[in-house]
Amino acid sequence: MWKAEIHVTLKDAVLDPQGKAVRSVLGSLGYSAVEKVRIGKYLEMVLNVDSRAEAERQLDEICHRVLANPVIEQYDYQLVEVPR
Amino acid sequence: MWKAEIHVTLKDAVLDPQGKAVRSVLGSLGYSAVEKVRIGKYLEMVLNVDSRAEAERQLDEICHRVLANPVIEQYDYQLVEVPR
Amino acid sequence: MKFAVVVFPGSNCDQDCIHILRNVLHQEVTAVWHQDASLDDAQCVILPGGFSYGDYLRTGALACFSPIMAAVQDFADQGGLVLGICNGFQILLEAGLLPGAMLRNRSLRFVCKPQLLRVENNKTPFTHLYGEGRLIQVPIAHGEGNYFLDPEGLEQLRKNKQIVFRYADATGNASSEANPNGSVDNIAGIINAAGNVLGMMPHPERSSEAVLGGADGLLLFQAAIAYLAERG
Amino acid sequence: MLKPEEIKQTQAWKAMGLKDEEYQRICEILGRLPNYTELGMYAVLWSEHCSYKHSRPLFKYFPTKGPRILVGPGENAGAVDIGDGLAIVMKVESHNHPSAVEPYQGAATGVGGILRDIFTMGARPIANLNSLRFGNPQDEHVRRLVRGVVAGIGDYGNCTGVPTVAGEVGFADCYSGNCLVNAMSVGLAPHELITQAVADGVGNPVMVVGSTTGRDGIHGATFASAELSEENEEKRPSVQVGDPFTEKLLIEACLELIQSGVVVGIQDMGAAGLTSSSAEMAGKAGCGIEMDLTLVPQRETGMNSYEIMLSESQERMLVVPKAGTEEQVKAIFAKWGLHAVVVGRVTGDGMLRIFHHGQLAAEVPAKSLSTDGAPAYVPPAEKPAYLDELWQYDFQQLPDLELEEIQEAFWQLLTSPNIVSRRWVWEQYDHHVQLGTLVGPGSDAAVLRLPGTKRGIALTIDCNSRYCYQNPRVGAALAVAEAARNIYAGGGEPVAITDGLNLGNPEKPDIYWQLRETVLGIAEACEALGTPITSGNVSLYNETEGQAIYPTPIIGMLGVLEDAQKHATIAFKNAGDLILLVGELGEELSGSEYLEVRRQLIAGPGPKLDLAAEKRHGEFCRTAIAQGLVNSCHDISDGGLAVALAECAMAGRIGAQVRLHSSKRRDGLLFGESQARYVLSLSEEDYEAVRDLAVEHGVPISLLGRVGGAEFAVELGENRVIEADLQKMLELWNTGLERLLGEK
Ligand SMILES: Nc1ncnc2c1ncn2[C@@H]1O[C@H](COP(=O)(O)OP(=O)(O)O)[C@@H](O)[C@H]1O
Ligand SMILES: [Mg+2]
């Protein structure tokens, strides 16, 4: 069994309205040190497969097809083996 | 300058309809190895402060007050120093 | 009576509430900008529906830091009547004026439709004109109305009769089929323990004129007016 | 960026989508070689999307004038006088390509763009509509598109507080690779606030307001430019992310600004952003603009002049206020948390002159960039070969329905993708906000009341693209006729349209022929029905692998009601009411949903068009509604008479008993789609008055049956051919689309 921790984020050139709004509210709350906020998705997924290679194969497909749209988003993930 | 990578996730006791939906879509696409999906938020934030201690102080406050709702969510973060 | 409708950046039902109060019920209403510090001498404060701060991060999460919210908190602490509708309800939750939190609708879709509610508690300033258990039709329009509270908190709410409205079907049954968003215990609206702060997902201002398909919601505003008149 | 000489050597204009002769023309206009930024500006503004170069010469056929038309095509949106000093501003716009690659954001930003077209005119947006086309709903890819597009349209409209009150959704295989997403928006303004997009008054400041500028959406034509390294390309997403929150603030700020009286001109930065807004505003006024790009608020570092001029970052506007009011403008925007920055000024020499970091980055005559300055083409036209074959079909050879098949055919049609209820879609749209919606989605037209007047408006958006495929000219006219019918059925008087022409590649003779026929068909119908064209949009090149979509001219129509309360819905109301057919019983099958769903056949020239009958029958219905004589009114469209009757029954949650006496073909009688027809219900005591009114209007009517009961039943002569439990019908009807899309 493998556990994947996946990050899906907007590409740098893409506007992040949420991040923008959060930063501006933090500014008005006095957190003027906060210079940049970007908000993305974090997914945890457990895959019942035997090898790291197979987990990677499936994850790449899943991220590309379902979780992220490469037109505006990018993704990366980390894999750890977990006991069954 | 410090860069924070923040994860905000739903507490275990809280049902995650989005994670459930993603899992079911993956299932219908044939990814039957996927056993569990939880979806949270991933935030990147740059803080223009001098010390790690100060960055931590502000981040704890920000996470607690703004970024996570303790009724349903939990958070953690990692800090790395970045060049100005 | 004098009402204040708070306008947050992104509110979009503020004018609708003002219209009903001013043109249908002939009350005095002021729109209060979120950056104001004072509610003037309003006797009832309404946090209207909409998408304050775009509902970014979490619904209501950013609006609850607006300067006006300190005044709303004080006003509520002193027993003033506060009504949060839809996004207003979400803001009250985030501000801690009401317990619990909102999750996305079970369907993950925004839903806009007529909705039947069962009046669970008709002893509040907002509901005393309804009969207990009465079914009323009040439309909903939200993407995150899936109310969540832990079991202990829920027990408290039940015990204190803080659950004011439940989603119900035409036979008055609060069934899971009648639940449009997955809300725990079919909760559509709750009141605080002191009984002066009501939050509800359905929009009573949208069912306050017969030409718009029903006027069940009007009674809620009328109840608040009557309550205030009596209290003097 | 390539040097002018290098551009010439490498023929870089090709990759930007410019033809050789267009490059030549640019060189002539400038009297020198264009630099990279200038070339990019021409490439985008002379693209089909911006300049309508293949469709513009056809616009002369459109009727655009009328006593109610305040602003015709050519502005951000059209404006129509509806009485009491009020104007309705409206326009439709396509976002087909962005929606195909990123359905949620593509559709959302489509709504954002059309909203900006409305409020830049000084009008508050009061309603959104949308027209959608997809491939087979059972295909997983199509389902994702549907989910994303609907959520994107919904979220953007919902968040900005504009109700989405009507629309249409169609499915056909030709849209598999080319979904269509057309968004329409409608605004309300007092006449005196109607504002235009002109940069007039030499010396007046030019201001950028709203969001910051980033590298997003630097567009299609220029996207594949040789100059862009792969890394660069990564940085330049062709699809933008919408920010409806900022848009909502922008609406409020712009309307406040316009009300304050300081605005000379204002324009949304849509396609080709800063380039098109500045060139068009200056071009229209016969003025020039001088700008310093260094002053434009930017979200990213290191952007060059090309990128800043062509960025399509959303939620931005260009404003020309009166000189001396700059601080007032800034204060209004600051209140809404938005910036407003002076980036240049209006000049008298007609040149668009752009500086960046102290250097002259571009200098071109503004007019040469604008629509009037762009090249225009009249390509060869040729009638497509497929039509002759279609038209030759002999319906005699088609077997009629057996009596015992009818019930099954009825259920099949009721639950077919193009007929089944769109509830799943419109429940995701807030259709009540602003408290104006008297009739929302689920009837024929949406009906809105308007603050400060007794009057109301009716809105609809329509097109049956199968008819257009079968006969582009007649089909386009029928789209206008159907829109009018929906307006009439709601109780409105049709007064104006906005049109969205969606077709294939106009450089192919058969497609250009379709385009020309489409324009002629719309023109003819608008002339006959008295509904001039106020605004519109053209989306061409909708093809995948050489296969074009059906010609899909979408018609958004506005109707006016003298008294908003006197409207009608499709819902049967009272047990015992009489059911009346307006028009004749028909047997026309060509173009029908029945033929395609039941017989897998598209054949014949489509339904017949009779514009005079459309007008007569419609005016009759409208008058009967205004006089309070009828309790419901529904036009007969997809699925024919049987489906129309069933829809009235389901909408009213009450049954109906209908008996037809006719020797016509059973299939045509029940499911044929002959035009200019309606189904009315009325109480028995009003029957004589309605009959007299029909005689007066020269309209044939006939009694079909009565409302009532828990069952929907149709008899043909002595045979009960449809017998359906209303509850069961409702269940299948309301959840049908969900099931087709695999959501349930
Ligand atoms: N995409 C949509 N958005 C909003 N409303 C829609 C949409 N699609 C259909 N509707 C609504 O559903 C009803 C039925 O649509 P349709 O079958 O296209 O009607 P008609 O045949 O009368 O044009 C109409 O009220 C229409 O406005
Ligand atoms: Mg219709």
Side-chain angles (χ1 to χ4, degrees), chain B residues 2-29 31 34-49 55-79, chain C residues 52-66 69-70 73 87 89-111 142-157 176 179-185 187 190 192 199:
Chain B
W2 294 80
K3 181 174 165 194
E5 300 182 347
I6 309 165
H7 293 97
V8 178
T9 49
L10 286 173
K11 289 180 174 171
D12 273 345
V14 178
L15 190 76
D16 171 17
Q18 228 187 326
K20 218 174 99 183
V22 167
R23 188 187 160 190
S24 106
V25 167
L26 291 177
S28 71
L29 289 175
Y31 298 103
V34 175
E35 299 223 322
K36 194 181 151 188
V37 182
R38 298 281 288 173
I39 303 191
K41 289 189 196 108
Y42 169 67
L43 297 94
E44 287 175 358
M45 204 177 266
V46 175
L47 283 103
N48 189 356
V49 293
E56 282 181 356
R57 196 190 61 73
Q58 292 205 16
L59 266 175
D60 278 326
E61 241 182 69
I62 289 173
C63 286
H64 194 80
R65 281 180 74 187
V66 185
L67 301 187
N69 179 342
V71 177
I72 44 174
E73 294 169 324
Q74 58 209 4
Y75 66 86
D76 65 34
Y77 60 81
Q78 268 149 13
L79 269 176
Chain C
S52 56
Y53 290 93
D55 273 359
Y56 295 149
L57 194 65
R58 290 183 311 280
T59 57
L62 300 179
C64 73
F65 296 108
S66 286
M69 285 308 290
Q73 177 90 51
N87 193 229
F89 183 14
Q90 295 162 336
I91 295 169
L92 290 173
L93 294 173
E94 284 285 341
L97 278 152
L98 289 171
M102 281 302 171
L103 298 168
R104 284 184 70 178
N105 292 352
R106 184 173 46 185
S107 66
L108 300 176
R109 289 192 299 271
F110 187 95
V111 55
H142 59 250
E144 306 199 18
N146 183 352
Y147 178 73
F148 174 85
L149 186 63
D150 58 34
E152 301 84 65
L154 195 58
E155 204 35 55
Q156 280 285 318
L157 278 192
S176 104
N179 186 334
N181 51 32
S183 170
V184 64
D185 207 13
I187 287 175
I190 57 171
N192 64 341

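Chain letters run A, B, ... following the sequence lines, proteins first, then strands; residues in each count from 1.
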Can you tell me if NZ on B/Lys11 sees more than 12 non-hydrogen neighbours from other groups inside 6.0 Å?
yes
Drop me the distance from B/Asp16's CG to C/Leu103's CG, to the nearest 0.5 angstrom.
9.0 Å
Turns out that what part of C/Leu93 lies under 4.5 Å from chain B's heavy atoms comes down to neither
Relative to chain C, which of B/Val71, B/Asn69, B/Val8 shows the most heavy atom pairs under 4.5 Å?
B/Asn69
What's the separation between atom CZ in C/Arg104 and atom CD1 in B/Ile39, rounded to the nearest 0.5 Å?
9.0 Å
Tell me whether C/Arg58 contacts the main-chain N or O of B/Leu67 through its side chain, where contact means a donor paired with an acceptor under 3.5 Å.
yes
Where does C/Arg106 contact chain B at under 4.5 Å (heavy atoms): side chain, backbone, both or neither?
backbone
What I'd like to find out is whether the side chain of C/Asp150 reaches to under 4.5 Å of the side chain of B/Val14, using heavy atoms alone.
no
Chain B contact via C/Leu57 - which portion, at a heavy-atom distance below 4.5 Å
both
